[in-house]
Q: 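I'd like to ask you about the structure that follows.
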Protein chains: 2
Amino acid sequence: MEFKELINRYQIGISTVYRKVNQIMKEKVHEDITTDQFATLQYIYQQEACTSTDIAHAFGVGKSAITNQVNRLHKKGLIIRNQDETDRRNIFLHVTADGKEIVEFTEKELTIALTPLLSQFKEEEIYSFIHSLERLANLLEGKDFNQ
Amino acid sequence: MEFKELINRYQIGISTVYRKVNQIMKEKVHEDITTDQFATLQYIYQQEACTSTDIAHAFGVGKSAITNQVNRLHKKGLIIRNQDETDRRNIFLHVTADGKEIVEFTEKELTIALTPLLSQFKEEEIYSFIHSLERLANLLEGKDFNQ
DNA sequence: GTAAATAGTTCACGGGGTGAATAATTAAAC
DNA sequence: GTTTAATTATTCACCCCGTGAACTATTTAC
């Protein structure tokens, strides 16, 4: 099979989708935070006990990058730092009531914005697409190359 | 249908794929330029007559952002500026021999890197995935998906 | 008990984005 | 045909985001 053409189509498609969804995000996300800050906030919101190192690993960036992000969110009063008493090196992050409100509101708004778009697709096509996307993600993560 | 869960899965999947492919890009792209710079260079390479405004529109960013990008590429000797003689406001961008070499080499390397990954998928699944991706991109490009 | 490992921070630096203001050029209006 | 408007590219000040090395504090290992 000739992959070069497919890779090119993939690149154009995925960058368009990524960019446009980001544009929609920008419109819906609370105006006081950026889409990157929202992604971090949302990740903390979804985790049980979350440290800077966890986020750095999940997002594939260095720890110092997360320190900055956490500082910005902390300055806005959206998260709090809690030092682990059993191992004082660890600092667990939690969203505040304000942060929680922003995440839940934004998620709702995003769903409202994207639903009419997804409605254009047949149910099987959506599931098939997401399944392939997740398989591709897993392969790239290096989880199960043998399937 | 319940879209919230699907949107969440989409977000996780696409950000993972985007990040991982970007990581592969970083390894393969000429070390003197960034992946963003490569994307710009590749776009100029693919166009016939390309202006800053074209790129800004294609990438969904402001014109001043492109001016900076173009400056960086120009400083590295990868592109040249040609003023349009019939309309002296337009400045057409072209890649130099060095720039062309970088684009072609990187594209080849990327294909080599991604081929073993794509080989894990059945041919129909790849075509189906790319088709859905392109349909999604087209819907997002069109303003009125509200029908 | 000293050395190594780990978690988080700070710092200097660069890439990348915005949006308003500007200069240069062309198109349109009267 | 001059004035006005539109368009292209640039500059500027400002912020967000990332790196990587050096650092502090704490825990673990030998």
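In what follows, chains are A, B, ... by sequence order, proteins preceding strands, each numbered from 1.
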Q: Check ring-ring contact (aromatic ring centres under 6.0 Å, His included) between B:F92 and all other residues, then give those that pass, not counting sequence neighbours.
A: none
Q: Is the distance from OP1 or OP2 of D:dC17 to the nearest side-chain N or O of A:R72 less than 4.0 Å?
A: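 Result: yes.
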Q: Sort me out a list of protein N/O and nucleotides 28-30 of chain D N/O pairs below 3.5 Å, or just none if empty.
A:
none

Q: Going by the rule ring-ring contact (aromatic ring centres under 6.0 Å, His included), which residues pair with A:Y10 if we only count those two or more places apart in sequence or in a different chain?
A: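 Not a single residue meets the ring-ring contact (aromatic ring centres under 6.0 Å, His included) criterion with A:Y10.
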Q: Using atom CG of B:D84 as one end and atom P of C:dT26 as the other, report the distance to the nearest whole Å.
A: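 Result: 9 Å.
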Q: Can any side-chain N or O of B:R9 pair as donor or acceptor with the backbone N or O of A:E134 at less than 3.5 Å?
A: no
Q: On the nucleotide D:dC15, are OP1 or OP2 found under 4.0 Å from the side-chain N or O atoms that A:T34 carries?
A: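 For D:dC15, neither OP1 nor OP2 has a side-chain N or O of A:T34 closer than 4.0 Å.
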Q: Verify the contact: side-chain N or O of B:Q69 to OP1 or OP2 of C:dG16, cut-off strictly under 4.0 Å; return yes or no.
A: yes
Q: Check every atom of C:dG17, C:dG15, C:dG8 against the side chain of B:A65 and return the nucleotide holding the closest atom.
A: C:dG17
Q: Quick one: A:L73 CG to D:dC16 C1', roughly how many Å, whole number?
A: 12 Å
Q: Listed by chain and number, what are the side chain to side chain contact (heavy atoms under 4.5 Å, CB included) partners of A:A137, not counting sequence neighbours?
A: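 With sequence neighbours excluded, A:A137 shows a side chain to side chain contact (heavy atoms under 4.5 Å, CB included) to B:T16, B:V17, given in chain and number order.
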Q: Measure from the side-chain N and O atoms of A:N71 to the backbone N and O of A:T67, and report whether any donor-acceptor pair falls under 3.5 Å.
A: yes
Q: Could you work out, with ring-ring contact (aromatic ring centres under 6.0 Å, His included) as the rule, every residue matching A:Y45, not counting sequence neighbours?
A: none
Q: Going by heavy atoms closer than 4.0 Å, what residues in residues 38-50 of chain A are next to DNA chain C?
A: none
Q: Tell me: CZ of B:R88 to P of C:dA27, nearest whole Å?
A: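 To the nearest whole Å, that distance equals 13 Å.
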Q: D:dC17 C1' sits how many Å from A:K75 NZ, rounded?
A: 14 Å
Q: Verify the contact: side-chain N or O of B:Q83 to OP1 or OP2 of D:dA9, cut-off strictly under 4.0 Å; return yes or no.
A: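 False: B:Q83 side-chain N/O out of range (4.0 Å or more) of D:dA9 OP1/OP2.
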Q: Flag the pair A:F59 / A:Y43 as yes when their ring centroid distance falls below 6.0 Å, and as no otherwise.
A: yes
Q: Given atom CD1 of A:I33 and atom P of D:dC17, what is their separation to the nearest angstrom?
A: 10 Å
Q: A:E85 CD to D:dT26 P: how many Å, rounded?
A: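 Spelled out: CD on A:E85 to P on D:dT26 is 11 Å.
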Q: Send over the distance from A:D54 CG to C:dA7 P, rounded to a whole Å.
A: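 Interatomic distance, CG of A:D54 to P of C:dA7: 9 Å.
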Q: Over all heavy atoms of both residues, which pair between B:F3 and A:S119 is shortest? Give the atoms and the distance, please.
A: CE1-OG, 3.8 Å
Q: Using the ring-ring contact (aromatic ring centres under 6.0 Å, His included) criterion, which residues pair with B:F105? Sequence neighbours excluded.
A: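 For B:F105, no residue satisfies ring-ring contact (aromatic ring centres under 6.0 Å, His included) once neighbours in sequence are set aside.
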Q: With DNA chain C as reference, determine whether B:G60 or B:K76 sits nearer its 5' end, using the nearest nucleotide of each.
A: B:K76
Q: Using nucleotides 9-13 of chain C, report all nitrogen or oxygen pairs with the protein that are shorter than 3.5 Å.
A:
residue: C:dT9; atom: OP1; partner: A:R81; partner atom: NE; Å: 3.0
residue: C:dT9; atom: OP1; partner: A:R81; partner atom: NH2; Å: 3.0
residue: C:dT9; atom: OP2; partner: A:T67; partner atom: OG1; Å: 3.2

Q: For A:K76, give me all partners under side chain to side chain contact (heavy atoms under 4.5 Å, CB included), at least two apart in sequence or on another chain.
A: A:I33, A:Q37, A:L78
Q: So, do B:T40 and B:I44 sit near enough that their side-chain heavy atoms are less than 4.5 Å apart?
A: yes
Q: Considering only residues two or more places apart or on different chains, which pairs with a residue in residues 20-46 of chain B satisfy salt bridge (charged side-chain N to carboxylate O under 4.0 Å, His left out)?
A: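 Non-adjacent pairs meeting salt bridge (charged side-chain N to carboxylate O under 4.0 Å, His left out): A:E141-B:K20.
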Q: Considering the terminal five base pairs at each end of the helix from C:dG1-D:dC30 to C:dC30-D:dG1, what angle separates the two local helix axes, rounded to 10°?
A: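 Computed angle between terminal axes is 10°.
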Q: Can you list every salt bridge (charged side-chain N to carboxylate O under 4.0 Å, His left out) pair that touches residues 84-96 of chain B, not counting sequence neighbours?
A: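 The answer is B:E85-B:R88, B:D87-B:R89.
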Q: Between atom CZ in A:F59 and atom P in D:dG18, what is the gap in whole Å?
A: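 Answer to the nearest Å: 9 Å.
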